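For reference, the structure discussed in these notes is given below.
Quick caveat: nothing in here was measured; it's all calculated off a predicted structure. Both ligands and their constituent atoms are indexed starting at 1 by order of listing.
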Amino acid sequence: ALSMPVTEFREAFAAGAVNKIEDVCKAAKYTLKRLENYKSKDELLAAVADVDAMIIRSDIVDQAVLDKASKMKIVVRAGAGYDNIDLKACEAKSITAMNTPGQNANAVAELVFGMMIVSARNNFDGTSGFELVNREIAFYGFGAVARAVHKLAQGFGMKSFAYDPYIPADQIQAAGATPVSSVAELFDHQYVSLHVPLTNETKDSINKALLGKMPKGGTLINTARTEVVHEADMIEVLKTRPDFCYLCDVAPKDIEPYKAAVGDKYGTRLIFTKKKMGAQTAEANDNAGVAAANQIVGFFEKGETRFSLKA
Ligand code: NAD
């Protein structure tokens with residue numbers, strides 16, 4: 001029934017990924033239209049007017065975009081986080097929204113360990129650090145990324161804990177991690193790594209009461225979303241607890257107050273990537289883009305809705 005689903009990009013996919021996405025589209029006899037590195041929202045609004053489907057990365061899909069995209073049936077976020085899609089507005093227009101969970105999980109997990117090692121070894125500044133072996137890491141959310149981090153943690157000889165009310169405790173246990181029954185219990189362990197989506201429930205949920213509970217050398221790792229952490233509380237804890245570390249892949253808009261809170265410990269106690277780097281690998285870029293294209297073809301050709309998101 002469908003001849004031309006089209007996709008749109010704000011940040012360009014790697015050339016190799018685009019070629020693979022193109023192959024999926026060609027095989028299905030779909031036309032791929034590219035919009036990359038656009039500068040104004042008007043370009044996006046003009047481009048969506050005649051498309052049946054969209055693959056997005058960080059592009060904002062809000063009411064204005066959906067109103068223009070009058071033919072669109074499906075939008076797929078090539079990646080895990082989907083807080084850039086207005087799901088309620090999609091539902092109201094009967095547009096299916098999906099993400100591609102798991103495709104970038106290993107990339108994010110490797111970055112988590114990269115940041116942990118840089119911090120444990122004092123950013124290789126010539127002073128003595130510590131080892132990760134036998135230490136404890138607790139996961140808030142136990143989806144694809146948390147499981148990939150857990151797998152690496154097992155290799156490092158660490159002990160894992162997890163809180164995820166949407167996953168049965170015996171499944172967490174079977175994966176080799178210890179389930180805990182509240183968010184607060186996670187903060188009894190030295191490392192807490194955030195792997196929940198940004199939702200009303202998780203927004204600002206990491207506050208000073210939780211961070212204050214952490215044992216000596218307490219370290220929060222955030223590769224989820226900045227907004228999951230209560231900003232003012234985090235800055236206060238960085239100021240008042242000289243042993244506490246924050247390793248973050250999702251920098252806040254203004255990092256100056258964070259830097260001021262740790263002074264010369266920037267780079268060891270406080271690590272920020274330059275921009276969101278977790279999924280920025282050749283492999284993840286390919287995987288997520290191709291998965292998104294395949295999900296669109298599966299949706300139109302076979303009615304597949306496995307990765308549909310609910311408002
Ligand atoms: P996922 O969907 O596989 O896992 C998320 C898990 O969180 C699920 O198991 C879900 O049950 C759980 N969850 C939801 N609400 C919760 C709550 N209130 N309390 C506890 N658990 C809850 O997603 P993922 O691939 O593991 O990614 C997790 C998040 O990390 C994404 O939503 C995204 O925001 C972020 N992410 C960031 C990058 C990056 O580049 N830094 C890359 C991938 C994902």
Side-chain angles (χ1 to χ4, degrees), residues 11 13 56-58 76-85 87 97-116 137-153 160-172 174-175 177 179-187 192-207 210 220-229 246-252 271-289 291-292 295 306-311:
E11 298 165 283
F13 277 89
I56 58 165
R57 298 188 71 195
S58 57
V76 183
R77 155 85 164 109
Y82 47 85
D83 41 283
N84 50 328
I85 305 177
L87 293 179
M98 296 185 186
N99 63 348
T100 61
Q103 301 295 335
N104 51 22
N106 186 64
V108 182
E110 290 189 15
L111 183 87
V112 166
F113 268 86
M115 293 195 294
M116 284 165 72
I137 185 163
F139 302 110
Y140 183 24
F142 200 60
V145 177
R147 282 165 201 257
V149 179
H150 166 58
K151 211 168 121 192
L152 298 184
S160 299
F161 301 81
Y163 172 73
D164 192 323
Y166 304 102
I167 295 181
D170 56 355
Q171 271 184 33
I172 294 176
V180 303
S181 51
S182 68
V183 180
E185 277 177 68
L186 296 171
F187 290 80
V192 173
S193 198
L194 307 181
H195 300 292
V196 286
L198 175 62
T199 62
N200 287 338
E201 201 182 0
T202 63
K203 189 172 191 299
D204 290 329
S205 64
I206 308 304
N207 54 29
L210 293 172
L220 185 79
I221 306 159
N222 187 0
T223 58
R225 287 289 181 268
T226 323
E227 297 88 343
V228 174
V229 176
Y246 185 35
L247 317 179
C248 184
D249 180 42
V250 280
I271 295 177
F272 278 121
T273 51
K274 266 205 172 116
K275 54 181 242 197
K276 190 150 72 69
M277 296 300 301
Q280 298 308 318
T281 64
E283 292 85 348
N285 210 266
D286 270 27
N287 293 349
Q295 285 172 219
R306 182 167 160 220
F307 297 112
S308 294
L309 300 165
K310 285 185 188 63

With sequence neighbours left out, write down each residue that passes salt bridge (charged side-chain N to carboxylate O under 4.0 Å, His left out) with Asp286, or none if nothing qualifies.
-> Lys20

Donor-acceptor pair, side chain of Asp204 and main chain of Asn207, under 3.5 angstrom = no

Does Ala292 offer a backbone N or O that forms a donor-acceptor pair with the side chain of Thr100 under 3.5 Å?
-> no

May I ask you to check whether Glu283 and Asn287 show a side-chain donor-acceptor distance below 3.5 Å?
-> no

Between Ser181 and Glu185, is any side-chain donor less than 3.5 angstrom from a side-chain acceptor?
-> yes

Once the angle between the rings of His150 and Phe139 is folded into 0 to 90°, is it parallel (under 30°), tilted (30 to 60°) or perpendicular (over 60°)?
-> perpendicular

The protein residues that pass the under-4.0 Å heavy-atom test against ligand 1 are Ala80, Gly81, Asn104, Val108, Tyr140, Gly141, Phe142, Gly143, Ala144, Val145, Tyr163, Asp164, Pro165, Tyr166, Ile167, His195, Val196, Pro197, Glu201, Thr202, Thr223, Ala224, Arg225, Asp249, Lys276, Gly278, Ala279

